[in-house]
Amino acid sequence: MPLLGRLWILVILAGLLAVSAPGQQVLPPAVAEHPDFRRIVQDAKARVFPAVVYIKCLRETHETGKKESQQIAGSGVIISTDGEVLTNWHVIDKATSVRCLLSDGRHAKAEVVGSDQDTDLALLRLQSDENAPDLPYARLGDSSVLKEGDFVMAMGAPWGLNRSVSIGIVSCTRRYLDTVSEYSLWIQTDAAINPGNSGGPLVNTGGEVVGLNARGICFSDGMGFAIPSETIALLLPQLREQGKVNWSWTGLRLQPLRDFNRDMYFDATEGLIVAGTDPDSPARRAGFQPKDRIVSIGGHAVTALTEEDLPVIRRWLGLLPKGQELACAVIRGEEKLTVAVAPRAKGDVEGQEYALERFDFAIKEINQFDNPGLFFHRQKGVFVFGVKRPGNAVGAGLRARDIIVKIDGVTVETIDDVKKVHERLVANVDERHRVLIVVLRGGLMRQIVLDFARDYSKE
Amino acid sequence: MYTQNCFWQAWLIIALIAAAPLTMAGDKEDKPTAAELARLAEHLAGSFVVVEYTVRSDKGETPDSNWTRLRRVSSGFSFSAGFNNWEQLIKEERPGELAGYLLPDNRVVTSDPMLHPRFVERIAVRAGDQLVDAEIEAYGRDRNILFLRLSEPIHNGKPLAFDTKRPGPYRTVRFFNDEGTWKIAVHRVQDEDVPAVTITPGQSGDASYVTPGLYVDKAGAPVALVIKSKAELDEDWRRSLRDWPTVSVENMSKLLDEVERIASAGLLRVNLRFRSPRTPSKSSPFGISVSFPGKDKSEEITEWNGTGVLVNDTTVLVLANLRPKVTGRLEAIRVFAGDGQPVEAEFAGTLTDYGAFLARLKEPRPGALPLETRPINEFEDEFLLKAQIRVLGESRTAYFWRDRITSFSVGWRRQIYPDASATSGGDSAPWQESQPPGMNFLFTLDGKLLGIPVARREKIASGDRWRGWDPFGSDAHMLAATYMADVLAGGNRSVDAENRPLTEEDENRLAWLGVELQAMTPDLARLNNVADQTANGTTGAMVTYVYPSSPASAAGFDQGDILLRLHIEGQPKPMEVRLKDENPFGNMMDQFWAIAEDMPSEFFDQMPTPWGSVENTLTRALTDVGFGKRFTAEVFRDGEIVTKDFVVTAGPPHYESAKRFKSKAAALTVRNLTYEVRRYFQLKPDDPGVIVSKVEKGSRAAVAGIRPYELILSVDDQPIHDVTELERAIADGGEFRLNVKRMATSRVVTLKVGAESEAE
C-alpha cells in the first residue's frame, strides 16, 4: 500500500506540455438505443476540438542561478467568444510572453488574466484581431455527474504535437493527491496524457469540458489527472475579476477520522481532526491543539471521514470571508469547547526571484508556504535560490537554500537590500572585488567571502 | 686487448691515488705511480668474485628491501650498486650481486644480505664466465659476513692467503660495481700503524676505527680483511679471518629452533573483541560519508588479532595501537598460547607513549620473555635472531632467521633506534580488508628480546587525524627492549588513565568547548586579518555559535571569534585548530523530510543527521588528550590575540551518546534531546520531547508516518521529557496518540503498540 499510495510522488508537472481529454457524459437513453459510438465521439470531438489551442510561452527562471529564458509548451481551451483561454498555472508560470496557436491555424498573443498556483489554474485572454471571424469556444460541463467508466477524450498537444485527441475512461472521479493541491480532488483517466497535454481539456461524450488535464505520472501509462470543471467553475469568477484566487487561510492542518495510509482511526463519525497548526497562523493563535476534533465551523457541521473529504472542506474554508470570526465546536478529550478563529488572506505562496548577475547566484524571498524549512529559521528574508555553475558564488562555497543574513555589512530582509549592494559593488568592482556574506545554513551562521573579480558572463 | 669473454680483462681496472699530501716522514718513500697501482689491481683480480643471489617471491611476498641497509651490509666489500630492492630484481629477471673474496679451500667470504631462505632460489658465485653454485657454511658472529662453500673450484682463481705479518706500506683494494661493471679501486694507505681513533669522552671501551677493506702490501700480497669498522683499542685490526667468531649453519638451525620455542611461548596471538559502536558512521544513499570529516572508519573495528609479548607470567604487552575511542569499546581479551587454548585476560592500562597496552592474564603462563637491558647500540653488526609473526584472524604464521643491526638513529627523547625494520610486507595503508604486516622481533643469541615492533603514540592529534589510523601496527618502529623494560618498571606512571575500556553509556563521551565552528579559508582569513595567524586560512576556525552554560560561554567566547590554537599541558607543540566542517545536509532537512514522506523505509537508516556531529577533529583530539588536562586557547578577537584558560571537560550528552530507548514493540528507537539537537530545533532546555533516531522498516511506526529525526512531544497528552518517560508511557502496550513534530509543523500519530514484555 505505501508504495502505491506514494506513486503519485512521481507525478510530473506536465509543465512543458498540454493535455486534453474528452469526458463522456452520462449517456442519454437515446444513445443506448442507437449505439453508434463512433458518431458520438466524432460529435463530441467536433464541439471542442476547434477551441483547443497550442500554447507556447517564454518564461524567466532563476533556478540555475542566473536569469534564463525557457520555452514552455502546453495546451489550453477557449471558453468564451471574447477569447478567454483556460490552461494550467504551471504552463504560464513566470511567463514573459504567451503565444497561442488555434486549431484553424490562426495565432495570437495572449495575456494572463489570472492564475492560481494551488489549483494549478490559469485564465488567459487572446489579444484578438477585431476583424477576425468569431472564435470557436467550448462549454464547461458538470464534472460532478461523472462516473467511473464514462468515456472521456483528452485533447491538446502532447510532446508538442498539436491537434491530438486520445480517448479513455474515467478511472476515478475523486482522486486525492496529498501533496499536489490542498483544495483539489482530481479526475483520473486512462486517456493517454503526455507532457504537452497540460492545460488541454478533458471532454465528455456530450462535447463539454469536464476537466483540465494537468499531470501524469512518469513512466506510467494510463494515469492522467485532470482538474474537475466543478473546481474551475467555482474559481473562474475570481480569476476573471481579481486575477487570482484570494484564498483565506487559518493555518489549520487537518486529518480525516479514518486515515488508512497512516493506519490511524479516530473513534468518531463526525468532525475532523486537527493534526497541527502552522506557525504564526490564526489557528495557532486561536489555541487549536493537535488532536482536537472539530465538529462544526461557523455553525456548519464538518466531517472528513477519509482523506478524499479534505479538499472540499479546505476549499470551503479557503473561500470564507476574511477577518470574520468563526466559532468552531471542538472536542478535546472529554471536553467540549468553542474556539473562535478568523481566517486571514493567505497572501503569496511563493516569493519573488532575482538574479545577481555578477555574483552568479539568484535569490528568492522566503515564503511560509513555499519554504517552510527556511521560514522556520527566518520569517522575513531571502535565500539563495540557485547557484550558477561555473560562477563566483559556487566558488565561494555558497549553496542553494543558504539564507542571506548580511551582505557587505547590510542586514538583508528583502530582495531589494541585496540588489542595491550588488549594484553598488559591481559599479565599483575596480576598487574592491570581495564581499563578505553572512548566511544561515542549518540554523548556524557562516561567513562566506565571495570574490566577484571574474566576469563569467564574458566567458 | 679486452674481449667480452675474458673475465679478468673485462674488469675495468682503475687505480686511484690518494690526493692528500703526505705528512709522515716515513711515507715519503711510498709514492706509487698510477701504473704501479693498476698493475697491483690487475694482479689481485683473480681473488675477487661476484656472489649472485637469485631471489623469488614466496606467498606473494618479497624480501624486505632497504637500500641504505643493503649499503651498510656490504661495508667492507663495497656496495654492489645496480639495484635498490629485491623485488625489482625479481621483476627484472636478474640476480642481486654482492662482492666476494675468494678464500682457500673453495670458500668465499661475502657480506650478509640477511635473506630468509624462502626467498632464495639460488646462490652462485661468478668469476669471469664461470658460474659456480654455492651454499652458506657459516655466518659472522660480530661481523656482517657469511662464508660460502663453492661446489667446484674456480679456474684461474687466486685465493687470498692472508699474512698479517707482512710489513707496510699497505694498499686498500675495493671491488665494486659501477653502474653494472665490476671495478677494482686501489688506495694507498697513509700510515697503517697509526689507525684513526674515535673516542667517547669519559667512557671506557673506546673504539678505534680502521677503514674497512682488503689490505694488501706493496706487491699485492694479502695482509688482512677488515669488515668491522670498530675494534678495541688494543686489538690488532689485522686479526686473522680464522679468529673471527662465526655461527655455523648447524648451530644456526639450533638457534632458530630455540628462538622458535621461545617465541611460541612468549609471543602470543591475542584476540581483542570490541562492543559494536553505539553510533556507527552512516553513509548517505549516494555513498557520501556523513560521519564527521576526519572520522576514521577503522575506529569501528569490532575485532583485532595480533601479537602480544608475555613480559612476566601474568602480563601481556599487547601490540595494538588503540585510540581511546576504540579502547573504549574493548570488551574481551583472549590470549592464545602455543597449545591454541585461550586464556582470558583483563585490561590493565594503555601505555602513554607507545602503541600498546597491558593485559593481565587470569591464570599465569610460563615462558615470559626476558628483555635485554643492555643499550641496543652495543649490538651493532652482531648476529641476531629475528622472529617475524603475522596474525591473520585465527592463524598465526611465524618465520625465524637471522638479522643484524647495521646502523642507528636518534629519535624521540634521544632514544636510539636501530635500522632494523619493525614490520614486513602488509599494505602501507592498512584497512580491515587489507594485509596486515608481519611484525619483526629481534632476539639476542642468548634468547633475550632485544627489539620490539611498537608504534610511538603521537601526542598531537588534531588535524592529523584524517591521515588515517592503523590498528595493525605498520607504523611501528623497532624499539629497543630496554626502553620497554623502563616503561614496564614505571607502573602507573607509564599508563594513560583516559585510554581505557568504557561503559556503553560513556563510549561516546566527548570533550567540549561548547562552540560550533566554521573552518577558515584563505579569503576568510584575509578578510578577518588573521591570514598570518592561520597559515593563510589553513588552520583556525571561526566561532559560529556559543552554547549557553558551556566552557566557551563562561570564557566569554562570542560569535565571530577565531579560535587559533590550543596550548595543552604536556604537549610539546600547540595543537592547531584545523577542521573540515562541511555538513552537506544542514539546510536540506525540510526537503529531506518531504522526500522521506514517500521514501521506502529501507532508506531511513541512511538519513544523515541534519545538525552535523558535535564530534569533530577538535573535540575528538581534546577527548584523546584526556579530561582534566589544562590548556590555553588562543583566540583572535577585534584584531588582538586573547588567551583563555580551560580544563578539558566532558560535554553533556550529545546525539551519539544520548540515552536511548529501543522499543521492540513500537519498532522505533528514540533518544533524549541533547544540546545540539535542541539548538537545531530551536528548543529551550526544558521543552519536552525525545527524538526518533531509528524507525524499523515496514513497522507500524513507519506506516504511521513516523520518520527519523522527528520529535515526539507527548503521548496521550502527557508531555515526554526523556526516553524513560516514553518507555514508561508505552510499557503496557495499547493504542497511543503521539504528538509528532518536525521543524515547525506538528501532527498527531496513532500508534498501536504491543506490551514491551511480549515483543520478541
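Proteins come first, then strands; the chains are lettered A, B, ... in the order of their sequence lines, and each starts at number 1.
By the neighbour-count criterion of 12 heavy atoms within 6.0 Å, atom CG of A/Asp267 is sparsely surrounded, having that number or fewer from other residues, nucleotides or ligands. Other residues, nucleotides and ligands contribute over 12 non-hydrogen atoms within 6.0 Å of the CZ atom of A/Arg344. At most 12 heavy atoms of other shown residues, nucleotides or ligands fall within 6.0 angstrom of atom CD in A/Glu270.
Proximity to chain B is limited to the side chain of A/Gln255, based on heavy atoms less than 4.5 angstrom apart. Within the 4.5 angstrom heavy-atom criterion, atoms from both the backbone and the side chain of A/Phe266 approach chain B. Proximity to chain A involves both the backbone and the side chain of B/Leu524, based on heavy atoms less than 4.5 angstrom apart. Looking at B/Asp717, the atoms closer than 4.5 Å to chain A (heavy atoms on both sides) sit in the backbone and in the side chain alike. Heavy atoms closer than 4.5 Å to chain A are found in both the backbone and the side chain of B/Asp523. In this structure, chain B has a heavy atom under 4.5 Å from the backbone of A/Val274, while its side chain stays farther away.
Here B/Val749 is the residue among B/Thr521, B/Ile706, B/Asn528, B/Val749 with the most heavy-atom pairs under 4.5 Å with chain A. Comparing B/Arg679, B/Lys752, B/Arg526 by heavy-atom pairs within less than 4.5 Å of chain A, the highest count is held by B/Arg679. Counting heavy-atom pairs under 4.5 Å between each of A/Met445, A/Gln289, A/Gln447 and chain B puts A/Gln447 at the top. If you tally non-hydrogen atom pairs under 4.5 Å between each of B/Thr750, B/Val748, B/Thr544 and chain A, the highest count goes to B/Val748.
The shortest distance between side-chain heavy atoms of A/Glu63 and A/Phe385 falls below 4.5 Å.
Exactly one of B/Trp611, B/Tyr545, B/Tyr547 qualifies for a ring pair (Phe, Tyr, Trp, His ring centres under 6.0 Å) with B/Tyr675. That residue is B/Tyr547. Partner of A/Lys346 under the salt bridge (charged side-chain N to carboxylate O under 4.0 Å, His left out) criterion, chosen from A/Asp370, A/Asp278, A/Asp118: A/Asp118.
Taking the six-membered ring where tryptophan is involved, the planes of A/Phe225 and A/Trp186 are perpendicular, since the angle between them exceeds 60° and thus also 30°.
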